[in-house]
Amino acid sequence: MTRPSPADELRTAAEKLRDYTEDLPGYLQGMAEPVAQLLDHQARIAREVQDYLGDEFQDGALDLNVHNALAVARAITGDTP
C-alpha cells in the first residue's frame with residue numbers, strides 16, 4: 001500500500017481537526033481553525049515542491065516547517081511515517 005503524500009497527510013489532518021472543533025469548548029475551538037489553516041498552508045507548500053520535483057521528489061526535499069507540520073498532522077490523525 002502506498003503512503004499518502006505529505007500534502008495529502010497535511011490536508012487530511014486539517015480536515016480532521018476541523019471536524020473535531022464541533023466537540024471542543026470555546027477556547028480550543030478558537031485555536032483549532034488557525035492550526036488547520038497552518039496545516040493547509042504547509043500542504044500547499046509540500047504539493048508545490050512535489051509537483052516541481054516530480055519523480056525526483058523525496059520527503060527530504062521539504063523544509064523544516066513542513067516536517068514540523070507533518071509531525072502535528074500525524075499526531076492528529078494517529079498515523080506514523
Side-chain angles (χ1 to χ4, degrees):
M1 183 168 139
T2 324
R3 282 201 53 77
S5 72
D8 291 336
E9 286 185 82
L10 290 161
R11 273 193 222 95
T12 298
E15 290 170 15
K16 195 171 205 174
L17 187 58
R18 286 186 177 103
D19 290 343
Y20 288 156
T21 60
E22 294 175 9
D23 300 328
L24 296 175
Y27 177 75
L28 292 175
Q29 190 172 18
M31 277 186 5
E33 182 56 28
V35 174
Q37 289 174 1
L38 175 69
L39 294 174
D40 281 335
H41 176 73
Q42 295 301 320
R44 283 190 297 277
I45 292 170
R47 176 59 60 201
E48 288 172 4
V49 171
Q50 187 172 356
D51 289 347
Y52 178 76
L53 293 177
D55 292 340
E56 301 297 316
F57 175 78
Q58 296 179 9
D59 285 357
L62 300 172
D63 70 14
L64 181 60
N65 292 328
V66 175
H67 282 284
N68 289 339
L70 276 168
V72 171
R74 290 170 179 158
I76 291 168
T77 62
D79 290 339
T80 56

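- Side-chain contact between Leu39 and Arg11 is absent, with no heavy-atom pair separated by less than 4.5 Å.
- Using a 4.5 Å cut-off on side-chain heavy atoms (C-beta onward), Thr12 and Pro4 make no contact.
- Atom-to-atom distance recorded for Asp19:CG and Thr21:OG1 is 7.5 Å, nearest 0.5 angstrom.
- To the nearest 0.5 Å, the span separating CG on Asp63 from CG on Asn68 amounts to 9.0 Å.
- A continuous path of Ile, Leu, Val, Met, Phe, Trp and Tyr side chains, each step under 4.5 Å between heavy atoms, connects Leu17 with Val72, placing both in one hydrophobic cluster.
- In the hydrophobic cluster analysis, where Ile, Leu, Val, Met, Phe, Trp and Tyr join through side-chain heavy atoms closer than 4.5 angstrom, Met31 is grouped apart from Ile76.
- Within the 4.5 Å cutoff, the side chain of Gln42 has no heavy atoms near those of the His67 side chain.
- Under the 4.5 Å side-chain heavy-atom criterion for ILVMFWY residues, a single connected hydrophobic cluster contains both Leu10 and Tyr52.
- Both Leu70 and Ile45 are part of a single hydrophobic cluster, where members link through side-chain heavy atoms under 4.5 Å apart.
- For the residue pair Ala43 and Ala7, the shortest heavy atom distance occurs at O-CB, 3.4 Å.
- Taking 4.5 Å as the limit, every side-chain heavy atom of Asp59 sits out of range of all side-chain heavy atoms of Arg3.
- Shown here are the side-chain hydrogen bond (donor to acceptor under 3.5 Å, both in side chains) partners of Arg47, two or more places apart in sequence or in another chain: Ser5, Asp8, Gln50.
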